A.B. asks: 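Take this structure, written in structure tokens, and hold onto it; I'll ask about it next.
Keep in mind that this is a model prediction, so the values were computed, not measured.
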Amino acid sequence: LARQAAEAGARLVLTARRESELERVRQACPDPSRVAVLAADLLAEDAEALAVRAEAFFGAIDVLVNNAGVTQRATVLETQMATYRRIFELDTFVPIALTKALLPGMVERGGGHVVTVSSVVGYISSPGRSGYAAAKHALHGFFDAARAEHHRDGVLFTLACPGFVN
């Protein structure tokens, strides 16, 4: 996705925990000077502070792609509450916090696009993925409401729901 956006002329700020992976993706883009790397642990970082740091590279952010997530492979009886909390923190609360940090600027500018990678499991759950499915269902509820609230502001919301992958 980063390479395709860069090929289309976008300036990018890539964020993840592993700076080496971010740098690998940056170097794979056609013009690495138009791609910034911002290593951050999204669970530990304040979303508003992260947004300010990201906007320092190229200015206001027009498109946010939320694509952080973890899953679990255990039954409901086997899954600890700490696991559910960790999944919700990263898969649900981080995208909500980042969106809330950037949304006021998008509304003020009269446009923007928030793309959130969910999953087909956000519609139909599967065995062994109760926490992941619940977190993805929550994304659908939140971003469907955000879409309804901000459709007149020119801000678009997209939920991308890939199927099962290795």
A.B. asks: Rounded to the nearest 0.5 Å, what's the gap from CG on Asp41 to CG on Leu90? Could you check?
C.D. replies: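 Reported to 0.5 Å precision, the distance equals 8.5 Å.
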A.B. asks: Main chain of Lys136, side chain of Asp91: is a donor-acceptor contact present, judged purely on distance under 3.5 Å?
C.D. replies: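 A pair under 3.5 Å: no.
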A.B. asks: Identify, with sequence neighbours excluded, every residue that meets side chain to side chain donor-acceptor pair (under 3.5 Å) alongside Arg24.
C.D. replies: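 Listed in chain order: Glu21.
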A.B. asks: Just by distance, with hydrogens left out, do Ser20 and Glu23 show a side-chain donor and acceptor under 3.5 Å apart?
C.D. replies: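 Ser20 vs Glu23: no donor-acceptor pair found between side chains.
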A.B. asks: Step by step, would you call Glu45 with Arg53 a salt bridge (Lys or Arg N to Asp or Glu O under 4.0 Å)?
C.D. replies: CA-CA 11 Å; Glu45 187 88 30; Arg53 289 174 52 207; 2.6 Å; yes
A.B. asks: List the steps and the verdict of side chain to side chain donor-acceptor pair (under 3.5 Å) for Gln72 and Ser130.
C.D. replies: CA-CA 8 Å; Gln72 111 266 15; Ser130 58; 3.2 Å; yes
A.B. asks: Applying ring pair (Phe, Tyr, Trp, His ring centres under 6.0 Å), name anything that partners His113, two or more places apart in sequence or on another chain.
C.D. replies: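 Testing His113 for ring pair (Phe, Tyr, Trp, His ring centres under 6.0 Å), a comparison that skips the adjacent residues, returns none.
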A.B. asks: Find out if a path of hydrophobic residues (ILVMFWY) with successive side-chain heavy-atom gaps under 4.5 Å connects Val63 to Leu12.
C.D. replies: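 Val63 and Leu12: separate clusters.
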A.B. asks: Taking all non-hydrogen atoms of both residues into account, name the closest pair between Phe88 and Ala138 and its distance.
C.D. replies: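 Shortest heavy-atom separation between Phe88 and Ala138 comes out as CE2-CB, 4.0 Å.
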A.B. asks: Please check if the side chain of Arg26 supplies one atom and the backbone of Pro32 the other of a donor-acceptor pair under 3.5 Å.
C.D. replies: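 Answer holds: yes.
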A.B. asks: How far apart are the closest heavy atoms of Ser125 and Ala133, and which atoms are they?
C.D. replies: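 The pair with the smallest heavy-atom distance is OG-CB, 3.1 Å.
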A.B. asks: Can a donor-acceptor pair be found, under 3.5 Å and without considering hydrogens, that links the side chain of His150 to the backbone of Ala146?
C.D. replies: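 Flag not set: sc His150 to bb Ala146 has no pair under 3.5 Å.
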A.B. asks: Answer yes or no: does atom CZ of Arg86 have more than 12 heavy-atom neighbours from other residues, nucleotides or ligands under 6.0 Å?
C.D. replies: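 Atom CZ in Arg86 is not crowded, with 12 or fewer foreign heavy atoms closer than 6.0 Å.
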A.B. asks: Same cluster or not: are Val155 and Val65 linked, directly or through other Ile, Leu, Val, Met, Phe, Trp or Tyr residues, by side-chain heavy atoms under 4.5 angstrom apart?
C.D. replies: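 Unlinked, Val155 and Val65 end up in two clusters.
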A.B. asks: Does any part of the side chain of His140, heavy atoms only, come nearer than 4.5 Å to the side chain of Cys161, both counted from C-beta?
C.D. replies: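 When only atoms from C-beta onward are counted, His140 and Cys161 do touch, with a gap below 4.5 Å.
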A.B. asks: Among Ile, Leu, Val, Met, Phe, Trp and Tyr joined by side-chain contacts under 4.5 Å, find the other residues sharing a cluster with Tyr123 and list them by chain and number.
C.D. replies: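 Tyr123 clusters with Ile124.
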A.B. asks: Could you check whether any side-chain heavy atom of Asp153 comes within less than 4.5 Å of a side-chain heavy atom of Met106, counting everything from C-beta outward?
C.D. replies: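 They are not in contact (no side-chain heavy atoms under 4.5 Å apart), so the answer is no.
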A.B. asks: Do Leu22 and Leu1 share a hydrophobic cluster, counting only Ile, Leu, Val, Met, Phe, Trp and Tyr and linking them when any side-chain heavy atoms are less than 4.5 Å apart?
C.D. replies: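 In one cluster with Leu22: Leu1, no.
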A.B. asks: Are Pro162 and Val117 side-chain neighbours, meaning at least one heavy-atom pair lies under 4.5 Å?
C.D. replies: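 When only atoms from C-beta onward are counted, Val117 and Pro162 do touch, with a gap below 4.5 Å.
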A.B. asks: Would a 4.5 Å heavy-atom cut-off, applied to side chains only, mark Arg34 and Asp31 as touching?
C.D. replies: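 A side-chain contact exists here, since the closest heavy-atom pair is under 4.5 Å.
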A.B. asks: Does Arg109 reach the main-chain N or O of Gly105 with its side chain, forming a donor-acceptor pair under 3.5 Å?
C.D. replies: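 Checked: pair present.
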A.B. asks: Can you list the other members of the hydrophobic cluster that holds Val52, where links are side-chain heavy atoms under 4.5 angstrom apart?
C.D. replies: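 Val52 shares its hydrophobic cluster with no other residue.
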A.B. asks: Give me the other members of the hydrophobic cluster that Tyr84 sits in, counting Ile, Leu, Val, Met, Phe, Trp and Tyr linked by side-chain heavy atoms under 4.5 Å, directly or via other members.
C.D. replies: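 ILVMFWY cluster around Tyr84 also holds Val76, Met81.
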A.B. asks: Please find the pair of heavy atoms, one from Ala2 and one from Val25, that lie closest to each other, and give the distance.
C.D. replies: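 Closest heavy-atom pair between Ala2 and Val25: CB-CG1, 3.7 Å.
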A.B. asks: When hydrophobic residues are tied together by side-chain contacts of less than 4.5 Å, even through go-betweens, does Phe57 share a cluster with Val37?
C.D. replies: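 The answer is no; the residues belong to distinct hydrophobic clusters.
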A.B. asks: Has Gln4 got more than 12 heavy atoms of other residues, nucleotides or ligands less than 6.0 Å from its CD?
C.D. replies: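 Incorrect, the count does not exceed 12.
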A.B. asks: With a 4.5 Å limit on heavy-atom distance, are the side chains of Leu50 and Leu38 in contact?
C.D. replies: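 They are in contact (side-chain heavy atoms under 4.5 Å apart), so the answer is yes.
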A.B. asks: Between Thr79 (side chain) and Thr75 (backbone), is there a donor-acceptor pair under 3.5 Å?
C.D. replies: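 Such a contact is found between Thr79 side chain and Thr75 backbone.
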A.B. asks: Val94 versus Leu98: any side-chain heavy-atom pair under 4.5 Å?
C.D. replies: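 Sidechains of Leu98 and Val94: in contact.
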A.B. asks: Where is the tightest heavy-atom contact between Pro30 and Glu7, given as atom of each residue plus distance?
C.D. replies: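 The pair with the smallest heavy-atom distance is CG-CG, 3.6 Å.
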A.B. asks: Only one of Thr99, Asn67, Asn66 forms a side chain to side chain donor-acceptor pair (under 3.5 Å) with Thr116, so which one is it?
C.D. replies: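 So the option named by the test is Asn66.
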A.B. asks: What are the two closest non-hydrogen atoms of Arg3 and Ala28, and how far apart are they?
C.D. replies: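 Distance-wise, the nearest heavy atoms are CD-O, 3.4 Å.
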A.B. asks: If you group Ile, Leu, Val, Met, Phe, Trp and Tyr whenever their side-chain heavy atoms sit less than 4.5 Å apart, what else falls in with Leu77?
C.D. replies: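 Answer for Leu77: none, a lone residue.
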A.B. asks: CZ of Phe143 to CD1 of Ile96: how many Å apart, nearest 0.5 Å?
C.D. replies: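 It comes to 6.0 Å.
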A.B. asks: Is it the case that one hydrophobic cluster holds both Phe157 and Val107, taking links as side-chain heavy atoms less than 4.5 Å apart, direct or via other members?
C.D. replies: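 In one cluster with Phe157: Val107, yes.
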A.B. asks: Can you give me the closest heavy-atom contact between Phe58 and Val13, atom names plus distance?
C.D. replies: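 Heavy atoms of Phe58 and Val13 come nearest at CD1-CG2, 4.0 Å.
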